[in-house]
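First, the structure itself, so that you have it in front of you.
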2 protein chains.
Amino acid sequence: MTTRPERREDALSRERIVGAAVELLDRKGEGGLTFRALAAHLETGPGAIYWHVANKNELLTAATDAVLAPAMTAEVTGTPQEVVRAVALGVFDAIEAHPWVGAQLSADPTQPAVLRIFERVGQQVRALDVPPSAWFTAASAVLHFVLGGGAQNAALARTLRDTTNRTDYLEAVAAAWADLDPDEHPFTRAVAAELRDHDDRVQFLDGVDLILAGIAGLR
Amino acid sequence: MTTRPERREDALSRERIVGAAVELLDRKGEGGLTFRALAAHLETGPGAIYWHVANKNELLTAATDAVLAPAMTAEVTGTPQEVVRAVALGVFDAIEAHPWVGAQLSADPTQPAVLRIFERVGQQVRALDVPPSAWFTAASAVLHFVLGGGAQNAALARTLRDTTNRTDYLEAVAAAWADLDPDEHPFTRAVAAELRDHDDRVQFLDGVDLILAGIAGLR
DNA sequence: ACCTGAACACCGTTCAAGT
DNA sequence: ACCTGAACACCGTTCAAGT
């Protein structure tokens, strides 16, 4: 029997690198992830990272999956509708906690994190007695809504993080909307007041329900 | 009466800069828009651009609106459902013609191009006899789906542009899906065959119809 | 008022050289 | 096998100086 060499505590590894990347992204935003900053944080040179990770894109993809995987593998029980709501909310919350995930999920439809969401949603679509010919469309519709809504919310969250007062900012946007040309933007004007005190989370879930209602009609 | 100074044909202006930016983005992709490349194209120094445009972000926002505005101001007649479909398709086609628009629309919910889409969709929601309390949710749902689906499609289009053969690439992804672990990804596996010969455009419109069906249920 | 272009403070990525 | 860090080829943005 051979003894394995003692692994240094602080040895570099893909996991440690990805973990540090997530930390950096969370603390400093998308602009904060730099091979130099990452290397400094891990106490190496920038070149060392390239031994474990091909490039920045791969690093971002891995960081996104690391952040999303827990929510997408959690066991949820309930009706298919309830599970879809839970999955959607899991994505929403992950994006709210890590705003950089919002843009990243929209950047590549073939990345593992997107596949996880698609799969979870698709399984529920199948459980809803949707005819097989509509499976793809139904699952894609939910996916697109979740990623689109998540990205919009993340962008807003990023702006809000830089703003001292959240209510003040939403107030300002609502005021701008209310000030729009009635001939050009009648709807947005009419809806401006609702922006002031709307709950993103509730509205997001209402949107999910809307699509679920549409899917129910496919039976 | 004073004579205005003769305006030089090649004088710099916001419009010329934005036009050149669109051209550069279309020809070279998101990475191709550089203040240096833009300046070279306009036969000036990079600093000159900053007299007309605050920064790169503002330039991207303006370029996005320039590309989307025509489709969003076009007159469309028909039922509210038909108009929503036309608007959604207008966004889809704009993104397909200018893939960089996909990511840009998801980057900032307050940008003018997004407001245009929201307004057009909202007006139709109102025409559909949706109760006022659901206006915001219904319009947002369509918006999120359109932006989410558009971004996904743009990302795919970007990958496909770098690939020699479109069918080969989709074939490869479909094969990868079909090879997934049946225990982890049963749905994606089951649906892999459909990816091979699905029509993005048709599927996108089917998704719009799904949401419209959900909205109809709000009455 | 508008343009010029050098300069500043950064980037991602590579690669010879080390251990 | 894995790490180091200097070097390459870039960026966005600023700003004194020009017209």
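The sequence lines fix the lettering, A, B, ..., with proteins before strands; numbering per chain opens at 1.
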*For residues B:Q203 and A:S140, is any side-chain donor paired with an opposing acceptor at under 3.5 Å?*
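The criterion, which ignores hydrogens and geometry beyond distance, is satisfied for A:S140 and B:Q203.
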_Nucleotide of D:dG12, C:dT13, C:dA6 approaching A:K56 most closely (side-chain heavy atoms)_ =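 Closest nucleotide to the A:K56 side chain: C:dT13.
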*asked:* side-chain contact (heavy atoms from CB on, under 4.5 Å) for A:V121 and A:Q124? Distances and angles first, verdict last.
replied: CA-CA 5 Å; A:V121 169; A:Q124 305 313 312; 5.9 Å; no
*Among B:Q123, B:E119, B:R116, the one residue meeting side-chain hydrogen bond (donor to acceptor under 3.5 Å, both in side chains) with A:T188*: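 Considering B:Q123, B:E119, B:R116, a side-chain hydrogen bond (donor to acceptor under 3.5 Å, both in side chains) with A:T188 is found only for B:E119.
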*Rounded interatomic separation in angstrom, taking CG from B:N55 and P from D:dT13*: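 Atom CG in B:N55 sits about 5 Å away from atom P in D:dT13.
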*Selection: residues 25-33 of chain A, any non-hydrogen atom under 4.0 Å of DNA chain D*: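 Contacts with DNA chain D under 4.0 Å: none.
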_Taking the ring centre of each residue, are B:W177 and A:F118 less than 6.0 Å apart?_
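Between B:W177 and A:F118, the centre distance is under 6.0 Å.
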*Do you know which of B:V142, B:L105, B:I95 makes side-chain contact (heavy atoms from CB on, under 4.5 Å) with B:L147?*
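Passing option: B:L105.
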*Whole angstrom value for the distance that separates P of C:dC2 from CZ of B:R16*: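 Interatomic distance, CZ of B:R16 to P of C:dC2: 15 Å.
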*Give me the ring orientation class for A:F204 and A:F145: parallel if the planes are under 30° apart, tilted from 30 to 60°, perpendicular past 60°.*
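Parallel.
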*When you get a sec, tell me which of D:dC3, D:dA7, D:dT13 is the closest nucleotide to the side chain of A:R36?*
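Nearest to the side chain of A:R36 among the choices is D:dA7.
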*Measure the distance from CG on B:L12 to C1' on D:dT19 and round it to the nearest whole Å.*
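Distance check: B:L12 CG to D:dT19 C1' gives 15 Å.
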_Could you go through A:E30 and A:R158, starting from their C-alpha distance and side-chain angles, then the distance that decides it, and tell me whether this counts as salt bridge (charged side-chain N to carboxylate O under 4.0 Å, His left out)?_
CA-CA 10 Å; A:E30 341 220 3; A:R158 240 176 295 132; 3.1 Å; yes
*Whole Å only: how far is the NE2 atom of A:H52 from the C1' atom of D:dC3?*
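Interatomic distance, NE2 of A:H52 to C1' of D:dC3: 8 Å.
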*Would you kindly compare A:A48 and A:T34 by the position of their nearest DNA chain C nucleotide and give the one closer to the 5′ end?*
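So the residue in question is A:T34.
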*Trace of the side-chain contact (heavy atoms from CB on, under 4.5 Å) decision for B:V84 with B:I211*: CA-CA 11 Å; B:V84 169; B:I211 297 177; over 6 Å; no
*Interatomic distance where OH belongs to B:Y50 and C1' belongs to C:dA7 [whole Å]*: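 B:Y50 atom OH is separated from C:dA7 atom C1' by 14 Å.
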*Among C:dG5, D:dA6, C:dC11, which is the nearest nucleotide to the side chain of B:P46?*
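The closest nucleotide is C:dG5.
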*In what stems does DNA chain D take part, counting only runs of at least 3 consecutive Watson-Crick or G-U pairs whose two distances fall under 3.5 Å?*
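If one scans DNA chain D for consecutive Watson-Crick or G-U pairs, the stems found are C:4-8 with D:12-16, C:12-16 with D:4-8.
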*Rounded to the Å, how far apart are B:F35 CZ and D:dT13 P?*
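So the CZ-P distance, B:F35 to D:dT13, works out to 5 Å.
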_What is the separation between atom CG on B:N57 and atom C1' on D:dT13, rounded to the nearest whole Å?_
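It works out to 14 Å between those atoms.
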*In whole angstroms, how far is the P atom of C:dC11 from the CG atom of A:L24?*
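My rounded result for the distance is 11 Å.
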*For the residue pair A:V101 and A:L25, establish whether any side-chain heavy-atom pair is separated by less than 4.5 Å.*
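Of all side-chain heavy-atom pairs linking A:L25 with A:V101, none is under 4.5 Å.
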_Looking at D:dC2, I'd like to know if its phosphate oxygens (OP1 or OP2) sit under 4.0 Å from a side-chain N or O belonging to A:W51._
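It does, given that an N or O in the side chain of A:W51 lies less than 4.0 Å from OP1 or OP2 of D:dC2.
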